[in-house]
Asks: 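If you scroll down you'll find the structure; I have some questions about it.
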Amino acid sequence: MWQLTNTVRHYPWGSRTVIPQLLGQPVPADEPCAELWMGAHPDAPSVLADGRGLDAAIADEPDRLLGAAVRQRFGDRLPFLMKVLAADTPLSLQAHPTTAQAEIGYAAEEAAGVPHDDPTRTFKDPHHKPEILLALTPVEALCGFRPVEESLHCLAKLQLPELKPTIAALARGGLQVAVPQLLALSARRRQSLVAAVATKAATFVAAHDPEFINTYRWAASLAESYPGDVGVVISLLCNHLKLAPGEAVFLPAGNLHAYLCGAGVEVMASSDNVLRGGLTAKHVDLAALVEVLDFADGRVPVIHPVLGPGGLRYPVPVEDFDLTRCELGEDPGSLRTAGPQVLLCTEGTAVLGADDGDLVLRQGQSAFVPANAQLSARGPAVLYRATTGLRAV
């Protein structure tokens, strides 16, 4: 097993305190610290003590590090990526493709010769990107489309002439008609619509009208940051989710979402395919986004953990990854799994024991454990463990 040196990604929406505090660094940081990456993703692989990237180490010894079952199912790559995500301001409104959609889109852009670092490139790899976010602090997010009848009421309550075409489209053809219609609006129409929605939403917030108050508050706030961005209007059609620390949400392919604020441990399939729909200055590929969006409406369930091997496990319906919160006492316990593991210590000091000796992880430190390692751990400490979801390995 190896301790990892990880990359912090700096995006404008990041927090200047959460990740630096976790890493024991001065706060506030000089720049926003949005994500801490732990894994073998080629864009920012974790680094081992010998200077190799984790991706290079896996390429050198895939069978020993990944195990035969993981190699057979996913090839010679670590199929998951672990992050700490810390948002002070909202992320872009986005969705991720299925594996089939990613393979087709990636092949098309490769054939067209679109460089991987081209800002207009949509598909960075041929993989899907389902993900789970486990809240470390209170988290707010837009997540999937709320029930259509509720959206109709939310829009109609604003009593805006500018919203009549959207209401008519939603009532006539559902989300699959209304959302593409909004995305296709001209810049002039977007400006007037978003301004009208933001102004009227703010009046309901000022009046302390409790119905849809959180939805309207965020719409007004998002319009200040992204004037003329139709994502402001689309936010009215989305579920507004609040996660307490220890709660989690799973985001499958096609789910339209945006983290609004808060920090959490995020585990996902190892991919960087992001199709943006708004609340961003980055490239928006409307045709590709509409192709991958899941227009089903309804509530998004909050995931509560179940007791599993090693701690509290957060079940997800994919095999790429599995997430467990391990609260370690002073007596050693087993953390063995047949697949590879990435372990992150967020509290206390953890002592990991394996055949090659002990490894001490303090707050903010992480480790990679190869497949089939006889691993024990003691604390007191809190660890988050990412591994694969292959039940038969």
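We count residues from 1, following the sequence as given. The model shown is predicted, which means the values in this text are computed figures rather than measured ones.
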Asks: Would a distance-only check, ignoring hydrogens and angles, find a side-chain to backbone donor-acceptor pair under 3.5 Å from T203 to K200?
Replies: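 Side chain of T203 to backbone of K200: a pair is present.
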Asks: Can you see which heavy atom on I167 is nearest to which on L152, and at what distance?
Replies: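 For I167 versus L152, the nearest heavy atoms are O-CD2, 3.7 Å.
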Asks: Give the minimum heavy-atom separation between G246 and Y314, together with the two atoms involved.
Replies: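 Minimum heavy-atom contact is O-OH, 2.6 Å.
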Asks: Same cluster or not: L185 versus L158, using hydrophobic residues (I, L, V, M, F, W, Y) connected whenever any side-chain heavy atoms lie under 4.5 Å apart?
Replies: yes
Asks: Should I303 and P315 count as side-chain neighbours, where that means a heavy-atom distance under 4.5 Å?
Replies: yes
Asks: Looking at CD of E266 and OH of Y384, how far apart are the two atoms once the value is rounded to the nearest 0.5 Å?
Replies: 14.0 Å
Asks: Is there side-chain contact between M268 and K83, with at least one heavy-atom pair below 4.5 Å?
Replies: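 In contact.
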Asks: So how far is it from L65 CG to L54 CG, rounded to the nearest 0.5 Å?
Replies: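 Result: 7.5 Å between the selected atoms.
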Asks: Tell me yes or no: between the side chains of N255 and D294, is some donor less than 3.5 Å from an acceptor?
Replies: no
Asks: Please check if atom CD in Q72 has more than 12 non-hydrogen atoms from other residues, nucleotides or ligands closer than 6.0 Å.
Replies: no
Asks: Can you tell me how far the CG atom of D229 sits from the CG atom of L93, to the nearest 0.5 Å?
Replies: 8.5 Å
Asks: Do F295 and I234 sit in the same hydrophobic cluster, where Ile, Leu, Val, Met, Phe, Trp and Tyr count as joined when their side-chain heavy atoms come under 4.5 Å apart?
Replies: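 In one cluster: yes.
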Asks: Report, as yes or no, whether the 6.0 Å neighbourhood of atom CD on E211 holds more than 12 heavy atoms from other residues, nucleotides or ligands.
Replies: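 Yes, CD of E211 has more than 12 neighbouring heavy atoms, counting only those of other groups under 6.0 Å.
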Asks: Does a side-chain heavy-atom distance below 4.5 Å link L328 with R378?
Replies: no
Asks: May I ask you to check whether H96 and H257 place their ring centers less than 6.0 Å from one another?
Replies: yes
Asks: Cut-off 3.5 Å, side chains only: do N214 and E140 have a donor facing an acceptor?
Replies: yes
Asks: Kindly determine whether K157 and D209 satisfy salt bridge (charged side-chain N to carboxylate O under 4.0 Å, His left out), including the steps that lead there.
Replies: CA-CA 11 Å; K157 185 180 175 72; D209 187 322; 3.1 Å; yes
Asks: Decide yes or no on salt bridge (charged side-chain N to carboxylate O under 4.0 Å, His left out) for R190 and E162, but give the supporting numbers first.
Replies: CA-CA 10 Å; R190 290 183 181 206; E162 294 89 344; over 6 Å; no
Asks: Where is the tightest heavy-atom contact between E247 and K242, given as atom of each residue plus distance?
Replies: OE1-O, 4.0 Å
Asks: For the pair R71 and D76, evaluate side-chain contact (heavy atoms from CB on, under 4.5 Å) and give the outcome as yes or no after the intermediate values.
Replies: CA-CA 5 Å; R71 289 188 71 194; D76 293 350; 2.6 Å; yes
Asks: Would you say R299 and P147 make side-chain contact, with heavy atoms under 4.5 Å?
Replies: yes
Asks: When you measure from the side chain of D322 to the backbone of T387, do you find a donor-acceptor pair of N or O atoms at a distance under 3.5 Å?
Replies: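 No: the side chain of D322 does not pair with the backbone of T387.
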Asks: I'd like to know whether CD of Q363 has more than 12 heavy-atom contacts from other residues, nucleotides or ligands below 6.0 angstrom.
Replies: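 More than 12 heavy atoms, drawn from other residues, nucleotides or ligands, come within 6.0 Å of this atom.
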Asks: Applying a strict under-4.5 Å side-chain criterion to I, L, V, M, F, W and Y, I'd like to know whether L375 and V342 cluster together.
Replies: no
Asks: Taking atom CD as the centre, does E291 end up with more than 12 heavy-atom neighbours from other residues, nucleotides or ligands that are less than 6.0 angstrom away?
Replies: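 Incorrect, the count does not exceed 12.
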Asks: Let's go through R52 and D60 carefully: what are the C-alpha distance in whole Å and the side-chain angles of both, what is the deciding distance for side-chain contact (heavy atoms from CB on, under 4.5 Å) to 0.1 Å, and is it a yes or a no?
Replies: CA-CA 10 Å; R52 288 183 300 165; D60 290 342; 3.2 Å; yes
Asks: So, does E109 use its side chain to make a donor-acceptor pair with the main chain of T122 at under 3.5 Å?
Replies: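 Yes, because the side chain of E109 sits within donor-acceptor range (under 3.5 Å) of the backbone of T122.
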Asks: So, for V70 and P79, which heavy atoms are closest and what is the spacing to 0.1 Å?
Replies: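 In this case the closest contact between V70 and P79 is CG1-CD, 4.1 Å.
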Asks: Side chains of L183 and V284, heavy atoms from C-beta outward: is any pair under 4.5 Å?
Replies: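 L183 does not reach V284 side chain to side chain.
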Asks: For a quick check under 3.5 Å, do H128 and E103 share a side-chain donor-acceptor pair by atom type?
Replies: no
Asks: Rounded to the nearest 0.5 Å, what separates atom OG in S46 from atom CE in M38?
Replies: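 Answer rounded to 0.5 Å: 7.5 Å.
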Asks: Do Y216 and C154 have side chains that approach each other closer than 4.5 Å (heavy atoms only, starting at C-beta)?
Replies: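 They are in contact (side-chain heavy atoms under 4.5 Å apart), so the answer is yes.
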Asks: Looking at CZ of R189 and CG of L182, how far apart are the two atoms once the value is rounded to the nearest 0.5 Å?
Replies: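 It is 9.5 Å, given to the nearest 0.5 Å.
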Asks: Examine V292 and F250 and state if one hydrophobic cluster contains both, with Ile, Leu, Val, Met, Phe, Trp and Tyr joined whenever side-chain heavy atoms are less than 4.5 Å apart.
Replies: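 In one cluster: no.
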Asks: When you measure from the side chain of R385 to the backbone N and O of L343, does any donor-acceptor pair fall under 3.5 Å?
Replies: no
Asks: On a heavy-atom basis, which atom in Y11 and which in A34 lie closest, and how many Å separate them?
Replies: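 Taking Y11 first and A34 second, the nearest heavy atoms are CD1-CB, 3.6 Å.
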Asks: Go through T89 and S225 one step at a time and tell me if the side-chain contact (heavy atoms from CB on, under 4.5 Å) criterion holds.
Replies: CA-CA 9 Å; T89 58; S225 301; over 6 Å; no
Asks: Are any non-hydrogen side-chain atoms of D55 and L78 less than 4.5 angstrom apart?
Replies: no
Asks: Would you say V274 and F321 are hydrophobically clustered, going by side-chain heavy atoms of ILVMFWY under 4.5 Å?
Replies: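 Unlinked, V274 and F321 end up in two clusters.
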Asks: Tell me if a side-chain donor or acceptor on R16 pairs with a main-chain N or O of D30 at a distance below 3.5 Å.
Replies: yes
Asks: Between D320 and H127, do the side chains contain a donor N or O and an acceptor N or O under 3.5 Å apart?
Replies: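 Looking only at side-chain atoms, D320 and H127 do not form any donor-acceptor pair under 3.5 Å.
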Asks: Given 3.5 Å as the limit, does a donor-acceptor pair link the side chain of S92 with the main chain of G278, or not?
Replies: no
Asks: Under 3.5 Å, side chain of N239 to main-chain N/O of G298, donor-acceptor pair present?
Replies: yes
Asks: Please determine whether side-chain contact (heavy atoms from CB on, under 4.5 Å) holds for the pair L142 and L256, giving the CA-CA distance in whole Å, both sets of side-chain angles, and the decisive distance to 0.1 Å.
Replies: CA-CA 8 Å; L142 304 174; L256 187 66; over 6 Å; no
Asks: Distance-only, no hydrogens or angles: does the T324 side chain make a donor-acceptor pair with backbone N or O of C326 under 3.5 Å?
Replies: no
Asks: Would you check if P309 and T337 make a side-chain contact, meaning some heavy-atom pair closer than 4.5 Å?
Replies: no
Asks: To check you understand the geometry: which heavy-atom pair defines the closest contact between L279 and V232, and what is its length?
Replies: CD2-N, 3.9 Å
Asks: Look at the side chain of N6 and the backbone N and O of L36, then say whether any donor-acceptor pair between them is shorter than 3.5 Å.
Replies: no
Asks: Under the 3.5 angstrom rule, does the side chain of D125 hit a backbone N or O of S271 as a donor-acceptor pair?
Replies: no
Asks: What's the separation between atom OG1 in T349 and atom CG in L361, rounded to the nearest 0.5 Å?
Replies: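 Spacing of OG1 (T349) from CG (L361) equals 9.0 Å.
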